[in-house]
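Structure, as structure tokens:
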Amino acid sequence: MSVRKRRVRFAPSPTGPLHMGGVRTALYNYLYAKQTDGDFILRIEDTDSQRFVPGAEKYIIDSLKWCGIYPNEGVDDNGNIVETASEKHPHAPYRQSQRKPIYKQYAEMLIANGYAYYAFDSSEELDSKRKAAEANKTTFIYNYQTRKELKNSLTISKEETEHLLATTNHWTIRFKNPEDEIVVMDDLIRGHIEVNTNTLDDKVLWKAVDELPTYHLANIVDDHIMEITEVIRGEEWLPSLPLHYLLYKAFGWTDSQPRFAHLSLLLKPDGKGKLSKRDGDRLGFPVFPLKWINAEGETSRGYREDGYYPQAFINMLALLGWNPGTEQEIFSLNELTDAFSLERVIKSGAKFNPDKAKWFNQEYLRIQTNAQLAEQFIPILKEKGITITEAANKNCNELKNTYTFNYVESLCGLIKERAHFVNDFWDICSYFFIAPTTYAPADVKKFYNANTKEIIEKVYNRIELMDTTNIHTIEEDLTTYIKENDWKMGSVMNTLRLFFVGEAKGLGIADIIHFIGKKEALQRIKTAILSLDI
RNA sequence: GGUCGGUUCGUCUAAAGGUUAGGACUCAAGAUUUUCAUUCUUGCAAUAGGGGUUCGAUUCCCCUACCGACUACCA
């Protein structure tokens with residue numbers, strides 16, 4: 001007997017940008033598929049015509065692509081949802097709105113076999129019943145009891161049903177829940193679950209408003225047709241699991257029914273409840289992988305635009321609700337694929353921690369080569385008006401604001417320990433490109449007076465004689481000079497730093513002199529003494 | 001309200017009946033350093049409460065509390 005090829009799917013609804021929780025769900029599906037050498041399918045669940053958002057589908061695909069998560073079925077090489085079947089994509093179309101004829105026959109099959117019925121109640125009627133029940137502190141459930149008193153194909157004659165179906169479009173198809181049965185379920189993450197069918201609502205399977213199936217029907221039918229073996233989805237679906245079990249049973253598909261794994265939710269960092277877009281705005285972190293601008297023109301920041309490496313983002317998400325059982329925290333996508341297991345997915349909800357996310361990015365920043373960092377930094381430098389030339393040995397200060405790639409590359413090696421993001425680089429090292437124009441008053445007060453002025457003037461002369469091509473000799477020369485004169489190291493160095501940087505912080509003085517060059521270093525000292533005249 | 005799920009440091013989590021309850025992030029202190037960072041060291045800090053079962057419960061069972069999801073012709 002052969003084992004079925006593992007086939008999992010990520011089935012988002014294009015109602016807006018993909019939330020980072022959704023990315024995590026996609027990631028777990030992807031890891032599971034890759035690990036078992038199975039298929040990872042992307043299917044668009046756009047059966048809600050009312051909430052459809054243009055651009056959301058593309059956003060989903062782009063986001064997954066940025067994360068390095070490539071579906072091997074459902075999306076073509078150009079990043080489009082596949083609409084016509086081929087060997088590679090045998091189940092096209094992969095957009096549920098385009099699969100409508102498929103669902104209709106299954107809905108009718110259910111009715112023919114007594115597992116579903118037509119219901120003619122209006123939304124308004126049902127709403128008022130719900131409100132009335134609420135007022136009585138009870139709950140209205142459309143089930144084996146109440147359906148007897150409502151207008152549906154079980155209570156009215158066959159003739160009248162047919163008449164209504166033919167003359168109106170105010171009808172839905174509802175699932176007929178069995179009376180007083182225990183549905184026994186098994187979840188890969190949560191284990192054994194039981195529910196009595198009396199507590200279940202006869203859910204709508206087919207909607208009148210847009211003449212489309214609901215999630216429940218479309219999902220089960222597609223998962224069956226597409227031979228899905230594991231359904232890995234969010235916890236919000238757990239309450240519908242009994243219905244889905246019952247649906248598989250009604251269709252006679254129990255033997256090939258997929259196994260289910262319900263992932264816990266991502267929670268907001270503070271307070272209570274699930275992570276939402278508002279939390280990101282409020283606390284200052286992205287909740288979406290990519291920047292998104294909605295129809296009203298409001299922008300939501302994205303991890304990509306905030307300067308996160310997709311590898312760091314994925315790594316962080318993977319560890320939010322799953323762990324390998326070892327102390328390893330940094331994982332490449334391939335390592336995650338090897339290490340991942342549904343058994344080690346956490347049952348409880350995970351509060352998202354933005355600080356830890358930054359830490360992950362820092363770890364990834366540090367393993368970049370200096371050349372890679374330079375490539376990433378150069379676009380920012382260009383925005384700041386800095387020109388980068390290819391010319392190798394050109395004195396970078398001969399042309400105003402022009403520097404070589406090598407200059408940036410070496411500098412990146414020096415500053416990468418100090419940043420979480422490449423986006424931090426400019427603030428950390430702008431003085432390597434442009435001279436300070438102001439000097440922090442507190443530091444001036446602390447490090448500049450008549451005495452230090454005198455010293456610095458001597459140091460100026462010393463620098464003039466120095467070989468500044470080698471960081472090490474600059475350092476040695478400077479420190480011996482300071483010691484010879486019995487000056488205070490901290491005082492002299494910080495005064496120089498103040499003149500070079502504009503404040504008393506930054507890299508080593510030798511590094512700065514070496515990078516900006518002798519001429520520029522001397523110039524900065526002159527400028528500072530002039531502007532801080534005492 | 002009902003149904004279902006969950007509960008270990010502030011946060012993410014380890015320990016699948018026997019550990020001084022471990023690690024990471026954050027925070028604090030110290031060391032290094034010419035400053036700021038980095039780095040290193042140390043520290044703070046947890047099994048929700050109550051009953052069982054057991055020689056022994058973070059771990060198994062029950063109750064309570066709390067948290068969450070769902071409760072639409074949304075997914």
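The structure displayed is predicted, hence computed values, not measured ones. Naming: A, B, ... by sequence-line order, numbering from 1 per chain.
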Any A:Lys207 side-chain nitrogen or oxygen under 4.0 Å from OP1 or OP2 of B:A75: yes

Residue pair A:His262 / A:Arg190, side-chain donor-acceptor N/O under 3.5 Å: no

Separation of the C1' atoms in B:A37 and B:C74, to the nearest angstrom: 50 Å

B:G1 - base-pair partner by Watson-Crick or wobble geometry, distances under 3.5 Å: B:U71

B:C9 to B:C27 separation - C1' atoms, rounded to the nearest Å: 13 Å

Sugar-phosphate, base or nothing in reach of A:Ile346, heavy atoms under 4.0 Å: sugar-phosphate

B:G52 and B:U59, which share atom name P, separated by this distance in whole Å: 15 Å

Sugar-phosphate, base or nothing in reach of A:Asp121, heavy atoms under 4.0 Å: base

Touch class at under 4.0 angstrom, heavy-atom based, for A:Ile509 against every strand present: base

Pairwise P distance for B:G49 and B:C66, with rounding to whole Å: 15 Å

Touch class at under 4.0 angstrom, heavy-atom based, for A:Val204 against every strand present: sugar-phosphate

Integer-rounded Å distance: B:U34 P and A:Lys446 NZ: 15 Å

Touch class at under 4.0 angstrom, heavy-atom based, for A:Ala504 against every strand present: base

Under 3.5 Å side-chain donor-acceptor pair for A:Asn177 and A:Asn143: no

salt_bridge(A:Glu211, A:Lys207) N-O dist < 4.0 Å: no

Span that lies between the P atom of B:U7 and that of B:A48, in whole angstrom: 9 Å

Polar contact flag, side-chain donor to acceptor under 3.5 angstrom, A:Asp306-A:Asn423: no

Watson-Crick or G-U wobble mate for B:C66, both contacts under 3.5 Å: B:G6

Sugar-phosphate only, base, or nothing, as touched by A:Trp171 at under 4.0 Å among non-hydrogen atoms: nothing

B:U8 and B:A24, which share atom name C1', separated by this distance in whole Å: 15 Å

Between B:G5 (C1') and A:Leu267 (CG): distance, integer Å: 13 Å

Any side-chain donor near an acceptor of the partner, A:Asn315 and A:Tyr309, under 3.5 Å: no

Interatomic distance where CD belongs to A:Glu134 and P belongs to B:A72 [whole Å]: 10 Å

Euclidean distance, atom CG of residue A:Leu238 to atom P of B:A75 [Å, nearest integer]: 19 Å

B:U39 OP1/OP2 closer than 4.0 Å to side-chain N/O of A:Arg366: yes

Any donor-acceptor N/O pair under 3.5 Å between B:G1 base and A:Thr139 side chain: yes

Interatomic spacing from OG1 in A:Thr25 to NE2 in A:His19 - rounded to 0.5 Å: 10.0 Å

Rounded distance (Å) that lies between atom P of B:U13 and atom CH2 of A:Trp359: 14 Å

B:C70 OP1/OP2 closer than 4.0 Å to side-chain N/O of A:Arg233: no

Short side-chain N/O contact from A:Thr47 to OP1 or OP2 of B:A75, under 4.0 Å: yes

Touch class at under 4.0 angstrom, heavy-atom based, for A:Glu475 against every strand present: base

NZ/NE/NH1/NH2 to OD/OE distance under 4.0 Å, A:Lys351 and A:Asp270: no

Closest listed nucleotide, where the reference is the side chain of A:Arg344 and the choices are B:A15, B:U34, B:G23: B:A15

Value in whole Å for how far the P atom of B:U38 lies from NZ of A:Lys358: 14 Å

Nearest-Å distance once atom C1' is located in both B:U41 and B:U32: 11 Å

B:C55: pairing nucleotide in any strand, Watson-Crick or G-U under 3.5 angstrom: B:G18

N or O in side chain of A:Arg174 less than 4.0 angstrom from B:C73 OP1/OP2: yes

Same-atom distance (P) from B:G68 to B:C12, integer angstrom: 14 Å

Interatomic distance, A:Ile60 CD1 vs B:A75 C1' [rounded to whole Å]: 11 Å

Short side-chain donor-acceptor distance under 3.5 Å, A:Asp202 and A:Tyr117: yes

Touch class at under 4.0 angstrom, heavy-atom based, for A:Asn353 against every strand present: base

Touch class at under 4.0 angstrom, heavy-atom based, for A:Gly234 against every strand present: nothing

Short side-chain N/O contact to B:A69 OP1/OP2 from A:Arg190, under 4.0 Å: no

Integer-rounded Å distance: B:C74 P and A:Tyr215 OH: 15 Å

Pair partner, B:A28 [Watson-Crick or wobble, under 3.5 Å]: B:U42

